[in-house]
Amino acid sequence: MIRTRFAPSPTGYLHIGGVRTALFNWLFARGGGGQFVLRIDDTDRQRNVSEALQPILDGFHWLGIEWDEGPGVGGVNGPYYQSERSELYAAAVKVLLERGAAYRDYSTTAEVQAEREAAEREKRSFEYSRRWMAETDAQAMQFENKGRQAVVRLKMPRAGQCQFEDQIRGEVSFSWSQEQDHVIQRADGTCLYHLASVVDDHEMQISHVIRAEEHLSNTPRQIFISQSLGYDLPEYAHLPYVAEPGGKSKISKRKLDKYLKNPDFKRLCEHGEAIARAVAQESTADTFNPVIVDFYRKVGYLPEAVINYLLLLGWSLDDQTEEFTREEMLQHFSLQRVVKSPASFDPLKLLAFQERYMRKLPLEKKVSFVLPFLQQAGRISASPPCEIGSHVGKILEAAGDRVKVAGDILQFDEFFVDDEDLEYDEKSLEKRIRKPEKAVELLHAIKHQLASVEAFDACTLDQLLHDFVESRQIKIGQIIHALRVATTGKSVGIGLFDALEIIGREGCLVRIQRALDRIEVTRKVS
RNA sequence: GCCCCCUUCGUCUAGUGGCCCAGGACAUCGGAUUCUCAGUCCGAAGACAGGGGUUCGACUCCCCUAGGGGGUACCA
């Protein structure tokens, strides 16, 4: 039975790299008919765990990565918070002590540090002298009488090789002599990560430890702990990092300034910020940025697109296939096809996936996807009348690929304001109406025709405009741009005839008149 | 410093000794289409880190060098 786990710390946000690791764990387990466990790594944490954990759980729910055991769902191997499992760790420490695989150490941090520095000065690799090691109670007593306190250290082998098979990297080997006598338990009795992790993985019957590459060099000490405790070793698989945009080092939310120098990343941020502003979301870089998964939810990415992109960041099926449904991912995912080198995060490729998934989304789903954004931005009321659905549907249909993420709907505010409140972009007004010689006259004329045309739909209007142009011997561009600015306030947007239809006859007439009034007012003034 | 891992187009990747003067995708650049923008269509440019071996033959195997990354905590 395959069992994998992901063990996040409650940090308050879900990191994009963490999600990728979790995704691979989830795919590997579920795809192989196994189970995926979520365990909370809150050893050594005083902060409010539930508050710092919630965004992480929310992120997984949003992405559809569900766990078989863990917070909220329980399970027979609980508790799933490491802070609640300390007896287990203490018991393991006791066994390690009894077996001579660990010892009580009465050194101070400063003393060990001094040894370390001395070794460095002499350019040899550090090996703790074990001067304050107590292997018998008598020794311990001696140190304690001097007022010293003990931590528990691993008594690591100092000769030979530690070899293991990594599912992604193949045979890996380390010399034991490079390993330190790591502390596994503090003087206050609390235990450290490596011990806790090994004990939990065993207790929870984790068969495959799939984690980020940073843990590769930690593996020997974990193997030592496992073996000393008499555990069977799990399979290990070390995933390469998700690297920063255009770089090779691990992506981190602390280096945003650096990533902003990457134009694609910058555009992604700005795009997100613009949407956040429109929906009045707080958008401080600390809580809202592309390294945090929640960013994509708030901006209006589809979870499927994010997942698909992440899947291909370090894994591929072949030289062609890029799009995967959940089922296909589960069916095809394998550790063998995970790439060994780090994959840098490419905002543009993510967007490309988003566009593909958006295109495939049926109209009605697209409408309901986009509606909450309009509500949050105050473009429509919190409980909109049901016609709003068809209104938004028409806009989305006409907008087509222009709405790449749900938040992009907010660019089309011209369809959500009252005719009297429409704002006109000054530059566009200047360029398309004020400056062209005949624009004002043409607008007056077309307004007249719009008032009397029998049907007010895109098709009829298209015909009307073309007839108009022909009868006056002008180019279509001469009227179309002016009309666009007059009715939408902007020089860019969806197809004009669709726009006119959506705005409606009344709206168009009012808007055109308002635009003309503006021009005339300024003309009189000057 | 020491240890470990990694290295194919700008980016994600295919490639497991001949199918590769290296394939796909995103981005880029042309051209076409359109009322703007977004698309769409067609086309172009673009990579095996370097050096040694092994072999009839290396992107593929071995060694060295360089570069990158990670670890070296009473962090996880």
Side-chain angles (χ1 to χ4, degrees), chain A residues 7-9 11 41-45 82 105 107-109 112-113 116 119-126 149 151-153 166 168-169 172-175 177-180 182-188 190-194 196-197 212-220 238 240-241 243 245-250 262 264 309 312-323 337 339-353 355 359 399-404 408 411 428 432 462 465 469 475-485 488 490-497 499:
Chain A
S9 289
T11 51
D41 200 334
D42 59 349
T43 53
D44 190 37
R45 225 157 264 272
Q82 293 195 320
D105 180 63
S107 65
T108 63
T109 325
V112 176
Q113 186 57 28
R116 200 187 312 271
E120 203 162 313
R121 242 177 285 120
E122 292 160 36
K123 294 191 196 298
R124 55 182 169 79
S125 57
F126 169 61
Q149 284 194 312
V151 297
V152 176
R153 285 183 186 275
D166 186 278
I168 293 167
R169 279 147 220 283
V172 182
S173 90
F174 293 80
S175 325
S177 62
Q178 290 298 322
E179 283 291 316
Q180 309 299 321
H182 297 98
V183 174
I184 52 173
Q185 188 176 41
R186 299 187 182 89
D188 66 4
T190 58
C191 289
L192 266 37
Y193 169 76
H194 294 291
S197 177
E213 187 191 331
E214 59 187 322
H215 289 289
L216 185 59
S217 13
N218 294 331
T219 308
H238 289 93
Y241 286 101
K248 285 293 173 198
S249 52
K250 181 178 159 186
N262 175 301
D264 298 337
Y309 172 69
L312 260 20
L313 206 54
W315 180 85
S316 69
L317 176 64
D318 53 31
D319 61 338
Q320 302 281 311
T321 321
E322 291 225 305
E323 286 178 41
R337 293 199 62 87
V339 172
K340 292 188 179 78
S341 48
S344 99
F345 176 79
D346 181 354
L348 250 22
K349 183 109 184 192
L350 205 205
L351 223 211
F353 273 104
E355 288 178 53
R359 207 168 298 153
D401 293 308
R402 294 171 182 87
V403 177
K404 298 183 196 308
D408 285 339
Q411 290 164 17
S428 306
R432 297 303 191 186
D462 190 335
L465 258 287
V469 160
K475 285 195 187 163
I476 190 130
Q478 285 177 269
I479 181 61
I480 218 152
H481 297 299
L483 192 49
R484 175 189 299 284
V485 174
T488 68
K490 301 172 183 173
S491 55
V492 297
I494 62 173
L496 180 66
F497 309 117

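Chain A is the first sequence line, chain B the second, and so forth, proteins listed ahead of strands; every chain is numbered from 1.
Across every strand in view, G39(B) sits in a pair with U33(B) that passes the Watson-Crick or G-U test at under 3.5 angstrom. The partner of G1(B) is U72(B), judged by Watson-Crick or G-U wobble contacts that both fall below 3.5 Å. C61(B) is paired with G53(B) under the criterion used here, namely a Watson-Crick or G-U wobble arrangement in which both key atom distances are under 3.5 Å. Across every strand in view, A25(B) sits in a pair with U11(B) that passes the Watson-Crick or G-U test at under 3.5 angstrom.
By the 4.5 Å heavy-atom criterion applied to side chains, Arg169(A) and Glu213(A) are counted as neighbours. Between Phe345(A) and Leu350(A) the shortest side-chain heavy-atom distance falls below 4.5 Å. Put simply, the side chain of Glu120(A) does not reach to within 4.5 Å of the side chain of Phe126(A), judged on heavy atoms. Within the 4.5 Å cutoff, the side chain of Arg337(A) has heavy atoms near those of the Ser316(A) side chain. No side-chain heavy atom of Arg484(A) sits less than 4.5 Å from a side-chain heavy atom of Arg432(A). Within the 4.5 Å cutoff, the side chain of Gln82(A) has heavy atoms near those of the Asp41(A) side chain.
Across all strands, Ser491(A) comes closer than 4.0 Å to base atoms (heavy-atom distances). Phe174(A) comes within contact range of the sugar-phosphate backbone alone, with a heavy-atom separation under 4.0 Å but no base atom that close. If you check every strand for non-hydrogen atoms under 4.0 Å, Gly400(A) touches nothing. If you check every strand for non-hydrogen atoms under 4.0 Å, Thr219(A) touches nothing. At a threshold of 4.0 angstrom between heavy atoms, the contacts of Asp188(A) with the nucleic acid are absent. Nucleic acid contact for Arg121(A): none, since no nucleic acid atom lies under 4.0 Å from a heavy atom of the residue. Lys404(A) comes within contact range of the sugar-phosphate backbone alone, with a heavy-atom separation under 4.0 Å but no base atom that close. Here His194(A) lies in heavy-atom contact (under 4.0 Å) with a base. Residue contacts shown for His215(A) include a base, since a base heavy atom lies under 4.0 Å away.
Here the separation of C9(B) from A14(B), taken at their P atoms, is 13 Å to the nearest Å. Distance check on atom C1': U55(B) versus A76(B) gives 48 Å, rounded to whole Å. The same atom, P, is picked in C21(B) and in C5(B); the two are 33 Å apart, to the nearest Å. Atom name P, nucleotides G46(B) and G24(B): the rounded distance is 14 Å, in whole Å. One P atom belongs to U60(B), the other to G50(B), and the distance between them is 10 Å to the nearest Å. When the P atom is compared between C29(B) and U34(B), the two are found 22 Å apart, to the nearest whole Å.
When the side-chain nitrogen and oxygen atoms of Arg337(A) are compared with OP1 and OP2 of G15(B), one or more of them lie within a distance under 4.0 Å. An OP1 or OP2 oxygen of U72(B) is reached within less than 4.0 angstrom by no side-chain nitrogen or oxygen of Ser217(A).
Judged purely by distance below 3.5 Å, without hydrogens or angles, the side chains of Thr190(A) and Arg186(A) pair a donor atom with an acceptor atom.
Applying the side chain to side chain donor-acceptor pair (under 3.5 Å) criterion to Gln180(A), with sequence neighbours excluded, gives no partner residue. Not a single salt bridge (Lys or Arg N to Asp or Glu O under 4.0 Å) links Asp462(A) to another residue, sequence neighbours left out. Partners of Arg402(A) under the salt bridge (Lys or Arg N to Asp or Glu O under 4.0 Å) rule, at least two apart in sequence or in another chain, do not exist in this structure.
Each of Thr108(A) and Asp318(A) has a nearest nucleotide on RNA chain B; the 5'-most of these lies closest to Asp318(A). Residue-to-nucleotide proximity on RNA chain B shows that, of Leu312(A) and Asp401(A), the 5′-proximal contact is made by Leu312(A).
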Every protein N/O within reach of nucleotides 5-7 of chain B N/O, cut-off under 3.5 Å:
{"residue": "C5(B)", "atom": "O2'", "partner": "Arg169(A)", "partner atom": "NH1", "Å": "2.4"}

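Here His215(A) and Tyr193(A) bring their ring centres to under 6.0 angstrom of each other.
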Per-nucleotide protein contact string for nucleotides 59-66 of chain B (B base, S sugar-phosphate only, - none; heavy atom under 4.0 Å): --------

B/S/- contact track for nucleotides 24-35 of chain B, protein heavy atom under 4.0 Å: BBSS-------B

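The nearest whole Å value for the distance from the OH atom in Tyr309(A) to the P atom in C12(B) is 8 Å. The nearest whole Å value for the distance from the CD atom in Glu179(A) to the C1' atom in G71(B) is 9 Å. Rounded to whole angstrom, the span from the CD1 atom of Ile184(A) across to the P atom of A76(B) amounts to 13 Å. One atom, CD1 of Ile479(A), and another, P of U36(B), lie 15 Å apart when rounded to the nearest Å. Atom pair Lys248(A):NZ and A49(B):P shows a separation of 12 Å (rounding to whole Å applied). Atom P of nucleotide G1(B) and atom CD of Gln180(A) are separated by 17 Å, given to the nearest angstrom. Rounded to whole angstrom, the span from the CG atom of Leu192(A) across to the P atom of U72(B) amounts to 12 Å. One atom, NE2 of His182(A), and another, C1' of A76(B), lie 13 Å apart when rounded to the nearest Å.
The 12-atom threshold is exceeded at CD of Gln113(A), counting heavy atoms of other residues, nucleotides or ligands nearer than 6.0 Å.
With distances taken from any side-chain atom of Leu313(A) to the nucleotides C12(B), C74(B), C2(B), the minimum falls on C12(B).
Distance check: Lys248(A) NZ to Ser341(A) OG gives 5.5 Å after rounding to the nearest 0.5 Å. One distance of note links CD1 of Ile184(A) with NE2 of His194(A); it measures 11.5 Å at 0.5 Å rounding.
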